[in-house]
A.B. asks: 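Could you have a look at this structure, given as structure tokens, before my questions?
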Amino acid sequence: MGTWFGGVLGRLQPICPIESRLPPPEPEQIPLRTLQFKRGLLHELRKGNATKEQIRLHNLVQQLPRAIIIGVRKGGTRALLEMLNLHPAVVKASQEIHFFDNDQNYARGIDWYREKMPFSFPHQITIEKSPAYFITEEVPERIFKMNSSIKLLIIVREPTTRAVSDYTQVLEGKERKNKTYHKFEKLAIDSNTCEVNTKYKAVRTSIYTKHLERWLKYFPVEQFHIVDGDRLIADPLPELQLVERFLNLPSRISQYNLYFNATRGFYCLRFNIVFNKCLAGSKGRIHPDVDPLVVTKLQRFFHPFNQKFYQITGRTFNWP
Ligand code: A3P
């Protein structure tokens with residue numbers, strides 16, 4: 001533990017609890033045309049159907065993101081991006097761009113990255129999500145070089161659940177290719193020592209504090225906002241309102257935009273009276289049963305790291 005925290009913790013100060021952050025300034029008026037065009041022209045642009053003339057006429061631009069969902073994989077990154085996109089002042093980059101974590105993409109330069117962004121009105125903010133950013137060594141410095149004041153969103157879930165979700169995704173990929181795969185227990189526990197296997201990526205990714213500390217060498221803690229991924233599943237609106245506040249956006253996402261779909265077992269999105277959607281079936285997989293002793297071992301393992309994570313971020317969870 002000592003080496004992971006080495007140096008960085010010395011200069012870390014716990015920040016004030018998230019609720020006590022200043023409220024955003026009085027809501028600015030979002031131009032009506034934004035609301036009209038969000039599902040019209042911008043939607044057509046996304047599909048590649050708008051003309052150059054329309055782009056020029058409406059002053060549409062491809063902007064670098066002003067906020068990035070940097071992770072955590074299986075934390076609910078897709079749900080968060082799609083839900084934020086309900087806001088009239090937010091435009092999402094639909095695909096994971098993997099600009100900062102993929103050396104080949106990064107070598108293509110910032111204009112390549114910008115060209116991957118959707119068209120938007122100048123006052124809108126573009127958000128992209130690539131969960132691999134959170135755990136990739138080189139990324140914090142690269143993002144810092146692009147924009148040192150960018151806002152960074154991290155969505156987390158209870159670490160053991162997240163690790164099992166991560167495993168389930170890989171397992172499904174193997175099964176699709178008719179390949180066999182180890183049981184979760186075999187991967188998560190080192191059979192020689194009977195201790196938690198910290199070499200297993202799904203375990204390492206869930207040690208949130210370890211990754212966050214690398215980011216804190218570049219960005220102050222105030223530039224991060226931690227989203228509770230478990231609460232985003234159970235009751236998304238309050239989490240989204242905290243994000244609106246963090247992004248200095250007027251509160252525009254409402255209960256109307258979110259409805260619980262009993263068949264799906266999740267909240268789905270309602271844009272307007274005719275357009276609504278649920279996330280794809282690959283979100284919300286059924287997890288395999290895991291030996292309760294292994295679950296307890298993992299929870300005990302994560303516990304001290306979680307405490308450190310709460311201390312640094314000022315956000316506490318009821319994780320075991
Ligand atoms: P599970 O498949 O383990 O249930 P990511 O988008 O980062 O890959 O995260 C996937 C997780 O998002 C899913 O994990 C699911 O639980 C969660 N999620 C949160 N809100 C959701 C929603 N409204 N619809 C579907 N999945 C949602």
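Just follow the structure's listing: the first ligand is 1, and inside any ligand the first atom is 1. This one's a predicted model, so the numbers in the text were calculated from it and none came from an experiment.
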A.B. asks: Can you tell me how the ring of W215 sits relative to the ring of F134, calling it parallel under 30°, perpendicular over 60° and tilted otherwise?
C.D. replies: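 Aromatic pair W215/F134 classed parallel.
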A.B. asks: Return a table of N or O atom pairs, ligand 1 on one side and protein on the other, at distances under 3.5 Å, rounded to 0.1 Å.
C.D. replies:
from, atom 1, to, atom 2, distance (Å)
ligand 1, 2 (O), G284, N, 2.9
ligand 1, 2 (O), R285, N, 2.9
ligand 1, 3 (O), R157, NH1, 3.4
ligand 1, 3 (O), S165, OG, 2.6
ligand 1, 3 (O), H287, NE2, 2.6
ligand 1, 6 (O), T77, N, 3.4
ligand 1, 6 (O), T77, OG1, 3.4
ligand 1, 6 (O), R78, N, 3.0
ligand 1, 6 (O), K283, NZ, 3.1
ligand 1, 7 (O), K74, N, 3.1
ligand 1, 7 (O), G75, N, 3.4
ligand 1, 7 (O), G76, N, 3.1
ligand 1, 7 (O), T77, N, 2.8
ligand 1, 7 (O), T77, OG1, 2.6
ligand 1, 8 (O), K74, NZ, 2.9
ligand 1, 8 (O), K283, NZ, 2.9
ligand 1, 9 (O), G76, N, 3.1
ligand 1, 14 (O), R157, NH1, 3.0
ligand 1, 23 (N), Y267, O, 2.9

A.B. asks: If you take the centroid of each ring, where Trp contributes its six-membered ring, are Y208 and F305 closer together than 6.0 Å?
C.D. replies: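 They do not qualify: ring centres at least 6.0 Å apart.
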A.B. asks: State which residues pass side chain to side chain donor-acceptor pair (under 3.5 Å) with Y113; sequence neighbours excluded, sorted by chain then number.
C.D. replies: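 Expected list: E128.
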A.B. asks: Is it possible for you to say whether L84 and Y259 belong to one hydrophobic cluster, with membership spreading through side-chain heavy-atom contacts below 4.5 Å?
C.D. replies: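 Each belongs to a different hydrophobic cluster.
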A.B. asks: Does any pair with a residue in residues 254-302 pass disulfide (SG to SG under 2.5 Å), and if so which ones, sequence neighbours excluded?
C.D. replies: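 Of all non-adjacent pairs touching residues 254-302, those that pass disulfide (SG to SG under 2.5 Å) are C268-C278.
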A.B. asks: Just to verify, what does E185 make a salt bridge (Lys or Arg N to Asp or Glu O under 4.0 Å) with, not counting sequence neighbours?
C.D. replies: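 Applying salt bridge (Lys or Arg N to Asp or Glu O under 4.0 Å) to E185 gives none.
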